[in-house]
There are 2 protein chains.
Amino acid sequence: MPTPHYGQPRYRVIADQLRERIESGVIPPGALLPAESVLTVEFRASRGTIRRAIAVLREAGLVATSHGRGTHANPRHHGSVLNKSADPETRERHVTADPQLAAIFTVDVGTALLESESVIQIDGTIEAVVRIYRLPRSIS
Amino acid sequence: MPTPHYGQPRYRVIADQLRERIESGVIPPGALLPAESVLTVEFRASRGTIRRAIAVLREAGLVATSHGRGTHANPRHHGSVLNKSADPETRERHVTADPQLAAIFTVDVGTALLESESVIQIDGTIEAVVRIYRLPRSIS
DNA sequence: AGAAATTTGTCCGTATGTATC
DNA sequence: AGATACATACGGACAAATTTC
């Protein structure tokens, strides 16, 4: 099997499906998820991919994993005052200035800008995407 | 080589060493870290282990990674920029999801999103442009 | 108590896809 | 277009914690 990930990578697709089961109650709070070895069969993915999908859910705070025991769904603290803050996983890339950005920075359209992107999640659901544009740093 | 990890796992040890270089200034702010392929040679670890070590630093906010470019140290934090916005000129508009946003929100490309744009100025000079994307207000 | 089975944790090597230079 | 660098995915192996018998 090649490694095509045109749209979303497989671990994200798998993570979304597992999250759906948890939020819909198919996997009730506190219950154990199927073992990684079971999930590899079900999703026909390698264990590494399964583990990465679970890692997404764990960082989102809706599952917890114990060595030797398994991964179980977390009791949802919905409605409570506690709302988990976002995890800042920042990714950067170079982009070209669109007309709006060019006007703001007073540069030509197409000038290189640095874009920094973060995904804001609350309780595992994506709330917003923040993109910050700056002029590329000059000195170092 | 077997897989001994008596004390700390290797990726943590490597992450600590890289962190030391960043915080001590051996890798100055904004500078690129050595490529993953270089680090595999230096630490005699597989690329997967190197990537995991870098992931630790990324989640800690010490580095930011760009796809074909590399990983560089001490990216500016979003929070610091956002906190300095005393007089943000905020403007909202509807936009269509580009492929990246579509993948993050798990919607089709072209789906309507709400964009909130602010210009961050410090002492009259434009520091950054912040764009926040959200799904449109839905009924509930 | 002890051994075996189960399950997650770490690590390696390789291959291929995708973005950037 | 080629080279470089990061991203995803596979399969295998062994370690460590837990549970089960």
Side-chain angles (χ1 to χ4, degrees), chain A residues 1-16 18 27 31-59 63-73 89-96 110-117 119 136, chain B residues 1-16 18 31-59 63-73 75 98-100 102-104:
Chain A
M1 224 66 87
T3 314
H5 45 281
Y6 301 107
Q8 289 209 52
R10 296 199 61 194
Y11 72 87
R12 282 203 176 279
V13 176
I14 295 172
D16 283 340
L18 290 176
I27 300 177
L32 276 175
L33 271 67
E36 294 169 357
S37 57
V38 176
L39 295 176
T40 59
V41 176
E42 177 178 342
F43 290 103
R44 298 177 194 277
S46 72
R47 202 180 145 216
T49 302
I50 297 295
R51 283 179 60 75
R52 179 131 192 218
I54 293 177
V56 170
L57 303 178
R58 185 166 47 242
E59 286 166 24
V63 301
T65 303
S66 313
H67 192 169
R69 277 180 44 83
T71 299
H72 53 267
E89 185 141 344
T90 304
R91 286 212 150 57
E92 296 192 343
R93 49 200 266 243
H94 278 300
V95 297
T96 55
T111 301
L113 294 176
L114 189 63
E115 178 192 88
S116 184
E117 180 180 276
V119 178
Chain B
M1 215 81 97
T3 315
H5 45 283
Y6 301 107
Q8 280 202 332
R10 297 198 61 196
Y11 71 87
R12 286 209 172 277
V13 176
I14 294 173
D16 284 340
L18 290 176
L32 277 174
L33 271 67
E36 293 171 356
S37 58
V38 175
L39 295 176
T40 59
V41 176
E42 175 178 344
F43 289 103
R44 297 177 184 279
S46 74
R47 208 182 136 217
T49 301
I50 296 296
R51 283 179 58 76
R52 183 137 188 213
I54 292 177
V56 171
L57 302 178
R58 183 167 48 241
E59 286 166 23
V63 301
T65 303
S66 316
H67 195 146
R69 275 174 40 84
T71 299
H72 50 265
D98 61 37
Q100 284 84 17
I104 294 172

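Note that these values count all heavy atoms, side chains included, but never hydrogens, waters or copies made by symmetry. In what follows, chains are A, B, ... by sequence order, proteins preceding strands, each numbered from 1.
A sub-4.0 Å separation between OP1 or OP2 of dC11(C) and a side-chain N or O of Y11(B) is absent. The phosphate of dT19(D) (OP1 or OP2) has a side-chain N or O of R69(A) nearer than 4.0 angstrom.
Atom CG of L18(B) and atom CG of L39(B) lie 6.0 Å apart (nearest 0.5 Å). Atom CD in E115(A) sits 10.0 Å away from atom OG1 in T96(A) (nearest 0.5 Å). In this structure, Q8(A) CD and D16(A) CG are separated by 5.5 Å, a value rounded to the nearest 0.5 Å.
Following rounding to the nearest Å, L32(B) (CG) and dT4(D) (P) show an atom-to-atom distance of 16 Å. Distance L114(A) CG to dT20(C) C1': 14 Å, rounded to the nearest Å. A straight line from CZ of R93(A) to P of dT18(C) spans 16 Å, rounded to a whole angstrom. Distance, E117(A) CD to dA19(C) P: 13 Å, rounded to whole Å. For the pair L33(B) CG and dT4(D) C1', the interatomic distance rounds to 16 Å; values are reported in whole Å. At whole-Å resolution of the value, CD in Q8(B) and P in dT10(C) are 11 Å apart. Separating the CD atom of E36(B) from the C1' atom of dG13(C) is a distance of 15 Å, rounded to the nearest angstrom. For the pair H72(A) NE2 and dT18(D) P, the interatomic distance rounds to 13 Å; values are reported in whole Å.
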Per-pair distances, 0.1 Å, donor-acceptor, side chain in residues 40-50 of chain A, under 3.5 Å, sequence neighbours excluded:
unit_1: T40(A); atom_1: OG1; unit_2: S37(A); atom_2: O; d: 2.5
unit_1: E42(A); atom_1: OE2; unit_2: R21(A); atom_2: NH1; d: 3.2
unit_1: E42(A); atom_1: OE2; unit_2: R21(A); atom_2: NH2; d: 2.4
unit_1: S46(A); atom_1: OG; unit_2: T49(A); atom_2: N; d: 3.4
unit_1: S46(A); atom_1: OG; unit_2: T49(A); atom_2: OG1; d: 3.3
unit_1: R47(A); atom_1: NE; unit_2: E36(A); atom_2: OE1; d: 2.8
unit_1: R47(A); atom_1: NH2; unit_2: E36(A); atom_2: OE1; d: 3.1

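Looking at heavy atoms from C-beta onward, L57(B) lies out of side-chain contact with T71(B) at the 4.5 angstrom threshold. At a threshold of 4.5 Å between non-hydrogen side-chain atoms, the residues R58(B) and R91(A) count as touching. Taking 4.5 Å as the limit, some side-chain heavy atom of R93(A) sits within range of a side-chain heavy atom of Q100(B).
The base of dT20(C) lies outside donor-acceptor range of the side chain of H67(B), with no N or O pair under 3.5 Å.
Residue R12(A) is out of contact with every strand shown, counting any heavy-atom pair closer than 4.0 Å.
Candidate nucleotides dC6(D), dT8(C), dT20(C) were compared by shortest atom distance to the side chain of T65(B), and dC6(D) ranks first.
Residues from residues 44-56 of chain A placing a heavy atom under 4.0 Å of any atom in DNA chain D, listed by number, are R44(A), A45(A), S46(A), R47(A), T49(A), R52(A).
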